[in-house]
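Below you'll find the structure, written out as structure tokens, and then a few comments.
Not measured: the values here are computed from a predicted model. Letters go in sequence order (proteins before strands), and every chain restarts at 1.
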Amino acid sequence: MFSPEGMTRVLIAATKSQMEPVIRELYRQNLFHIEEFVEKDSKEYEGYRIGTPLPAANETSRELIRLRGITSAFALSEGEGVSPGRREKVARLKEVIAKELPLLEKDIENLLGKKARLDTLIREYEQKIETLRPFQGVPFDLGLLRGFQMFSVFSGYVSRNLALDVPHEIFSVDTKRGTFIILIVHQKDRSAAEGALMDAQFVAVPVPDEEGVPATRIGYYEGQILAIRGEMEEINRNLSEMKARHGPLFLACHELLSADVEMAEAPLRFATTGESFVVEGWVPTAQLERLKEGIHYATGGKVFVYECEPAEVTDVPPTEYRNPGFAKPTEMLMDVYSRPRYTELDPTLLVSIIFPIFFGIILGDVGYGAVLLAMSLGLRRFLKGEEAGRLLAILRNASISSIIFGILFSEVFGFSLPWPPVLFSRHLNIGGHAGGHGPDVTGLMIMAVWIGILQITLGRVLGMVNHARQDHGSHRVKAVLANLGWIMVLWGILLMIWAAFSMPFMPDLSGLPPVVMGLNLSSLAGLAMIIVGVVFIALDSPLEIVELPTIMSHVLSYARLVGVGLSSVAIAMVVNFIAIGLIIEPQLESLNAVGVVLIIIGGVVLVIGHLLNTILGMLGGGLQSLRLQYVEFFTKFYKGGGKKYTPFGMRKRFTED
Amino acid sequence: MAETAAVAAAEMTVEMVKASQLGMKALGAGIAVGLTGIGTGLAEMAIGSAAVGATAENKDVFGLVLLLTVIPETIVIFGLVVGLLLLF
């Protein structure tokens, strides 16, 4: 529960003729975490060499790449639209890959090619329309503007009046961009015309290479584009039909080919000699017998499988979580930080219990809890995928805890439930609700500090266990003592505080008779604990002494449980006061048309305000309580950095043997 | 006549002092939360931008940098604690 799945190092050796059956069996079982073989990089080295892929590798990967082309063109992926309900038989799939797939691929490639060509054609026509557009108002054939030897033709926009004193023909039409003109002058007057045009801020537009009246040509091209669009739609329809019909088949083929490629390339991770191969890896100890039997059966006993003794192994095994079902989703939060090392305590279970509690303390409100619970259950339909599912499960647990604490705090959307708070009151004196006792901030703070003291002590105890398990020699003793030292300093400080002040919900030791120098028994014991503790810490690492103030700051950091929680209550009550106390209630006294509108506005303010506060509460509650785990709790004992257990194989979703 | 006026003035003053003490407390709480908030913001500004950069290069560090980013949050929490203790 607190340690990961036990792993055994296994070494498999056989002749190369057994390579394929062994690979197939390992892949099928999906249990064996291969430790990659690394070739020694020296010229004289004459030992094992990295293996070469199986003969089928090249052909299969080419096939896979072609198939990937199609799946990416279809934007096919697991999850969307394609349910892995029906599984394809491998034997049938092989036939499909050999016979049907090439034909289908050709069809699809043709369609895609045609689509691309039509696309270019559309763009070409659009370009032509673009060049014709300025000439839209010109009522004559564009061919008339070309091929003169005696005349010069200017076409374009002018933004000022054109003053020309040479003989000319001009056509002009007013547009949004300015006046569009076509000017024809005698060749000998060209320079005079150019001067005049420049004065009129002329922007030239070349005459398009078209015959006929521009408006007609534009109409023609637009018609063409429309026709092509129709054709494209036809192609798209064909493609989506194919996607619907063959999508699952493509995904099944993809799965099969990926598996084949992975298997064919597995020897690259093996150590081989001329005639034999060796592969090393990890297997969950509980599954070891299954693996051995399977290999024995698959190869007729021609393979040597050796279990390494723990003493023979220097590598750290990969980590696979082993947690009860309800703690499984929390593994995601652990992976975000870092996967535990194999030898380390796995705190997933603790986090899966503490995280929702902290979330509940921060967002203790029946209303918000219910909204989040509904959200976590409702979103399950829309968000597929393992990660999303885990996140929603975490949210579900957190919101249930939030509802429970809401009942204890007697809160629903910032209002109070019909009973007084069982735990400390968090009701603030805001607006119309003034007159209550107000929040019991002292009580809440001391509760938070207690939670901090307990969790930090727990963290240090776990640190002692971790060091006792992982370290060796004198360092082990020192490290364990250092963790004990931290606990002693923390509780020593507490004893001294209790001896000096009397506080609610804390032991009151200030009444003890003074023993020496005005210090009572409790202070003396605290002082002794602090001194011994500091010595223990310094023995392990003197530099750690500068970290002593973190004892205070880490414990006080738990005050965020109260601070963030109270701010969320305050926002809820302010929203209620603004919406109900200031907008809705005054209208209810004398109802009229304006009043009804104002009441609706008040309702909107109420909903938006609480929506905002729900989101804030979820983010605040989630991040803050996660941070307390990561920073305040984990830093006491947790290192992480474990390797993920990735067995050689695949969970089949679309295929079956 | 003068005496009663002086007494009334003295009574007023006590009330005024009380009210102004309350106001001062609220001011103090506001300053505590506001300044620590600015402090946290300044600290998180640099860490946050570095964190986004680091995550863009390597997604695996997301957890670690999220952690580093929220570390200065403690400052504003202390401010909030002081503010709450002042007010209630």
Contact part of A/V631 toward chain B, heavy-atom cut-off under 4.5 Å: side chain, backbone, both or neither? both
Tell me, side chain or backbone of A/S338 under 4.5 Å from chain B's heavy atoms, or both, or neither? neither
Non-hydrogen atoms of chain B under 4.5 Å away: do they reach the side chain of A/L333, the backbone, both or neither? neither
May I ask you to list the residues in residues 46-57 of chain B that approach chain A closer than 4.5 angstrom, counting heavy atoms only, ordered by number? none
B/I71 CD1 to B/E44 CD distance, which is reported to the nearest 0.5 Å: 10.0 Å
Tell me, for A/L566 versus chain B, whether the close heavy atoms (under 4.5 Å) come from the side chain, the backbone, both or neither. side chain
Quick one: do A/N466 and A/K639 satisfy side chain to side chain contact (heavy atoms under 4.5 Å, CB included)? Show the steps, please. CA-CA 10 Å; A/N466 260 345; A/K639 297 280 184 300; over 6 Å; no
Heavy atoms from other residues, nucleotides or ligands near NZ of A/K644 exceed 12 (cutoff 6.0 Å): no
Can you tell me which portion of B/L68 sits under 4.5 Å from chain A's heavy atoms? Options are side chain, backbone, both or neither. neither
Just say parallel, tilted or perpendicular for the rings of A/F637 and A/F634, cut-offs at 30° and 60°. perpendicular
Minimum heavy-atom distance between B/T69 and B/P72, given as atom pair plus value: O-CD, 3.1 Å
B/T40 pairs by side-chain contact (heavy atoms from CB on, under 4.5 Å) with which of B/I75, B/T74, B/L35, B/V70? B/I75
One option among B/L80, B/V76, B/L85 has the most heavy-atom pairs under 4.5 Å with chain A, and it is B/L80
A/E331 with A/R339: basic N within carboxylate O range, under 4.0 Å: no
Mutual orientation of the aromatic rings belonging to A/Y638 and A/Y337 [parallel < 30°, tilted 30-60°, perpendicular > 60°]: tilted
Is the distance between the ring centroids of A/F505 and A/F424 less than 6.0 Å? yes
